[in-house]
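Please read these numbers as outputs of a predicted model, since none were measured by experiment. In the text below, chain A, chain B and the rest are named by the order of the sequence lines, each starting its count at 1.
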Amino acid sequence: MNLHEYQSKRRFDKYNIPVPRGDIASTPEEARQIARELGGSVVVKAQVLVGGRGKAGGVKLAQNADEAEELARQILGMSIKGHIVHKVLIDPAANIVNEIYLGITNDRQTGCAVMMSSSEGGVEIEQVAHENPNAIIREQIGPSLGLRDYQARNIANAINLPREHWAAFTAIAQALYRCYTDSDATLAEINPLVITGDGTLLALDGKMIIDDNALFRQKELAEMRDTSAEPEAERIARKAGLTYVKLPGQIGCMVNGAGLAMTTMDMIKLYGGEGIGPANFLDIGGGAQADRVAAALRIILSDPNVKAILFNIFGGITRGDEVAHGILQALDEVKTDLPMIIRLAGTNSEEGLEIIREANLSNIHSAATLTEGAKKAIAAARGEL
Amino acid sequence: MNLHEYQSKRRFDKYNIPVPRGDIASTPEEARQIARELGGSVVVKAQVLVGGRGKAGGVKLAQNADEAEELARQILGMSIKGHIVHKVLIDPAANIVNEIYLGITNDRQTGCAVMMSSSEGGVEIEQVAHENPNAIIREQIGPSLGLRDYQARNIANAINLPREHWAAFTAIAQALYRCYTDSDATLAEINPLVITGDGTLLALDGKMIIDDNALFRQKELAEMRDTSAEPEAERIARKAGLTYVKLPGQIGCMVNGAGLAMTTMDMIKLYGGEGIGPANFLDIGGGAQADRVAAALRIILSDPNVKAILFNIFGGITRGDEVAHGILQALDEVKTDLPMIIRLAGTNSEEGLEIIREANLSNIHSAATLTEGAKKAIAAARGEL
Amino acid sequence: MAILLDRNSRVLVQGITGREGKFHSGQMIEYGTAVVGGVTPGKGGEWVHGKPVFDTVRACVEATEANVSMILVPAPFAGDAIFEAIDSGIKLIVCLTEGIPVRDMMRVYEYLRHSDSRLIGPNCPGLLTPGEAAKVGFMPNYVGKPGHVGVVSKSGTLTYETVAAMSARGLGQTTCVGIGGDPIIGTTFVDVLQMFEDDAETEKVVLMGEIGGRAEVDAAEFIKAKMTKPVVAFIAGSSAPAGTRMGHAGAIIEGGEGTAQEKIAALRSAGVRIAENPEQIPDLLLEGD
Amino acid sequence: MAILLDRNSRVLVQGITGREGKFHSGQMIEYGTAVVGGVTPGKGGEWVHGKPVFDTVRACVEATEANVSMILVPAPFAGDAIFEAIDSGIKLIVCLTEGIPVRDMMRVYEYLRHSDSRLIGPNCPGLLTPGEAAKVGFMPNYVGKPGHVGVVSKSGTLTYETVAAMSARGLGQTTCVGIGGDPIIGTTFVDVLQMFEDDAETEKVVLMGEIGGRAEVDAAEFIKAKMTKPVVAFIAGSSAPAGTRMGHAGAIIEGGEGTAQEKIAALRSAGVRIAENPEQIPDLLLEGD
């Protein structure tokens, strides 16, 4: 789960990481009010859960409250890569001497957290990683020891931070690590961390991603989820415990297991050729029960592009009879004439196929293998079944 | 540093370990008042930093407030193994169904904390260890993982705790471990932990020892030190950063290093025979400087039994010239005619001996070796030097 | 022979009294696995499928001499369940639980590295050794068949798919290992490839990977440097758009790293034959002869 | 040869700018030790005895190729200093600092066990290898003399006493090791005895123990089972009353365990000759011939 910039920075503030004393506005008038209270020039920043907002014109400098209002008016409601701007952050403009990158993420290779820093702040770390990988300093953080002060000093030394900033830098690094850990974050990033004209460090921009699997114990953070920009179908899927990603094709896919779901998409692409593709990724998860299957089907049917549906269920923990019940239950609620190709295998698949057969629905076709299922679904999408 | 029972139990209470709701009294009148407020029968318990107070008559049951006052009058001022009782704890009497032992200490062998438990509570764990070692269940606690719930369950299972108490027991075990860790304790012990008539668990008696080396970061605990029972000389020594233990002999010893200090005592015993022994253990520590040496000398001279003083300094981190300055400084302030045998070796010992020689004091004798030093000190104590 | 699991494996199930725990232990017993007991705190003394339930893993191990643990407890408790298995001396731990927080797994991973235990998973389908009638986990009982191909996979259902296709063509397996697709797992492709390389009974190996991370690239490097046995692979997710998370925490292409194309290229250059469709895997295995 | 420390040892000093750090590095350099640099956070760029000071151990190691670290920083910072040395790849760490909280040492001990580093101490006098003119720690420069006796001791000054007495009688040392008397230490008697047993140059061994704990009993068991070289020992504290703490956290007799008598008995039964007085040790060493 991604946090907005302002949410991340408020969280940082709780850990005593210095952040600009700005505030959030939902209307141009609020923006003016905040800018007036801050005094001086301010930055108006679109709050969207997507990168590249600067290039898209979502971040602007205003000299005074009038300008802030005007810019907020332009930015609010703007669409940035499909995300509508509902809120802007009004921060006082900072006197920037130098920009640093400081972030923490999980490292798959070592199985532990890694703090990354670079003297080249303000640009995307992926870009630095690409163009000048040596500019990124990494310190592994063992979970039992946590970040040690000497590790922060190692970083400060390696990025050639002037020594007068070491104490402040170490405090910020420690705070960021605590914030990352306490929040079950998979990313906590200050970019840029700036040295200001008066010689202090300031977290000008912040980003946090919270581990979805840990939201059960992060109630406060879970409530911060901004669903206003989220597509309806994905929101419903999430609530039903499904993983759904909308794609531009015509064949709705319902599969159990991420690997098999991707494979099913791959097969549609492989055999479908130009103009035919999967309409979604949808993993009903392990042990999916009837009501979850029904929810999944409703989501697929809500996509007007869908011309055919391919069910590919290979039961392990998921049982074929429950999937069959789920399909019938959903079809009972959401009527459809779309052709459906059902491929059931694995645990209780015989029982499941029997249940489907007994329902005797004319738009349901069965397939014995994944390849056959994919080919039949493609034919159905083309109206050739 | 040892905490009193009432201090330990108040600390436990902070961690939500259930303790009796008693209070502390310094006078019989206060004891009566507390007993009256508690109502019913109470236990009057001497607060001394020494074991065996029960056998010494320091723990008594009172049926009512009058009896509580009377018993407090008997117990307050009592001397238990040389410790004067200044305070009594008045606890409500508990309805005891079963007594358990639960404690945590540092284990040298494994270098980590170990939780110990036994279904035979209420007696000293050392005694159980001696008589029935298998009755003590041990769970090692790795510092990075801390105590896990399953370890508490392992213990509960092994001491045959009825299952209805497991949840409460696990909570207490976890709280005790947090209390132990947060307090830099080297021992945190509930003995007995009782199962009461109404089926709850209650920490009837508690004991904590705090790591002296950690007191710099345990200000609150450091202030709990009860110096009222501590011998004056030991208190002064502690403040001066010295380790001093009073012993019944005649030869005051000032040595650097615990091992050499003990060896010096051993040599006095070895060559002294009947009636002659060390008057103290005194380690001036590594790198002892002049004022510490002076403090040490003053402490030794405050003991009226001392007939002779043996200085045995083998300089490593400690430097002979500084020891010499310290001795002269102390002698300047505290005049004495007692014979002093000085043996200086190691770092800067030549300089030290030169300084002593130049002071030209008639009661100072030098020795080249430890054996010679010990023998001369024995002779001096016998008035034969 | 086989790897990891054989007829001497004595399996305990942590979470045996749960809905899934009960069902899958039943399936395992039916398959022939020596399930010797289970653990659910607070339910010690109960029985499931005629097997005793204990409150602690230690008590279960003492009573049953279990040497393998299958963990199927809810995600919030799974980290502790793994610690308990390690501390109780279990040498092979198979954690099926999905959705364990990464922070918990980082602690588990650190502890595990310093222990003598091996963890398979979490979020994995488990192990199947058809020739020894031994199964731990979700793999459907009928998919496997005794034989000489080792199978290792990140994915669950994709594995069943492939193994079933192999068995249908007469290509049996020594052991099928689902390592799981989470960002932090106990046993990697490389670990399992090494075991198959060392296993006298395994003649060929099938590897099933997917987009995200670089485990398949590590596997390719290992195969190039160390493996003498032929390997056939399939990588799922060639149609996935970049930057999109596909279910598994693992299945996301991060900053241009971890695409199917790049993994396939690495494996090809290590001499691995790549299937375009998992149902082609039997063909590639047979072609090699 | 010798153990642990020789002329290839390149020593850095953590805490080199402190009063004691400065003095003892000077002594070490005078003795011939290759002190190559020091570390004090915030003082990088300074020089002590002509050696460069760095802000971090890592920077010092990169610049000087130090392979040994001597730690002499205040107790509250010593635990972190050890972690920093371990993380910087230092294989031999000698921590002289006294008064480190036990809780800190428990964490250090756990981390150390899983690392490739060896810790001597804390609260120890350090190491001396006279034949290689190498010293790390407090031992006075003049006490040692090249030779063939290995010395291992819990105590500091008692070691100087004994080593000086040996040297005066012509009995030189391979290496003198002060392991420290704290409850938790990095290297035990048994570890050092094993090294002396394996060291071709060491012919005899002197062990100096004291009351408290059971390290000397473990040593006795090791000597009985594994050692072929003669061992002479002295145990300090036979006159100490039970239950009284004698300075060292280690020097306390706990519940009847760890008395000098019991240690002496264990060592005797392992064939170790016991000195009543440390100044008798040279006699016992010479008698053996």
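- Proximity of a side-chain donor or acceptor of D:Glu84 to a complementary backbone N or O of D:Val57 within less than 3.5 Å is detected.
- Using a 4.0 Å cut-off between charged nitrogen and carboxylate oxygen, A:Arg238 and A:Asp212 do not count as a salt-bridge pair.
- Under the 4.0 Å criterion applied to side-chain N and carboxylate O atoms, D:Arg118 and D:Asp191 are assigned as salt-bridge partners.
- Side-chain N or O atoms of A:Asn191 include one that pairs as donor or acceptor with a backbone N or O of A:Gly122 at under 3.5 Å.
- Side-chain atoms of A:Gln7 come within 3.5 Å of backbone N or O of A:Met224 as a donor-acceptor pair.
- Among residues at least two apart or in separate chains, side-chain hydrogen bond (donor to acceptor under 3.5 Å, both in side chains) pairs with a member in residues 159-168 of chain A are A:Arg163-D:Asp55.
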* Take A:Glu189 and A:Tyr101, measure what side-chain hydrogen bond (donor to acceptor under 3.5 Å, both in side chains) needs, and give me the verdict at the end. => CA-CA 8 Å; A:Glu189 177 180 275; A:Tyr101 173 91; 2.6 Å; yes

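- The part of A:Asn157 that comes within reach of chain D is its side chain, from C-beta onward, which places non-hydrogen atoms under 4.5 angstrom from that chain.
- The contact list for residues 102-110 of chain D toward chain A, using heavy atoms and a distance under 4.5 Å, reads D:Arg107 by residue number.
- Heavy atoms of D:Tyr111 lying under 4.5 Å from chain A belong exclusively to its side chain.
- Formation of a donor-acceptor pair under 3.5 Å by the A:Ser8 side chain with backbone atoms of A:His4 is found in this model.
- Contact annotation for residues 139-150 of chain A against chain D (heavy-atom separation below 4.5 Å, listed by residue number): A:Glu139, A:Ser144, A:Leu145, A:Arg148, A:Asp149, A:Tyr150.
- With a 6.0 Å radius and a threshold of 12 heavy atoms from other residues, nucleotides or ligands, D:Glu46 has its CD atom above the threshold.
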Pairs of donor and acceptor atoms involving the side chains of residues 194-208 of chain A, under 3.5 Å and at least two apart or interchain, shall be tabulated with distances.
from, atom 1, to, atom 2, distance (Å)
A:Thr196, OG1, A:Asp198, OD1, 2.3
A:Thr196, OG1, A:Thr200, N, 3.3
A:Thr196, OG1, A:Thr200, O, 3.3
A:Thr196, OG1, A:Thr200, OG1, 3.0
A:Asp198, OD1, A:Thr200, OG1, 3.4
A:Asp205, OD2, A:Arg53, NH2, 2.9

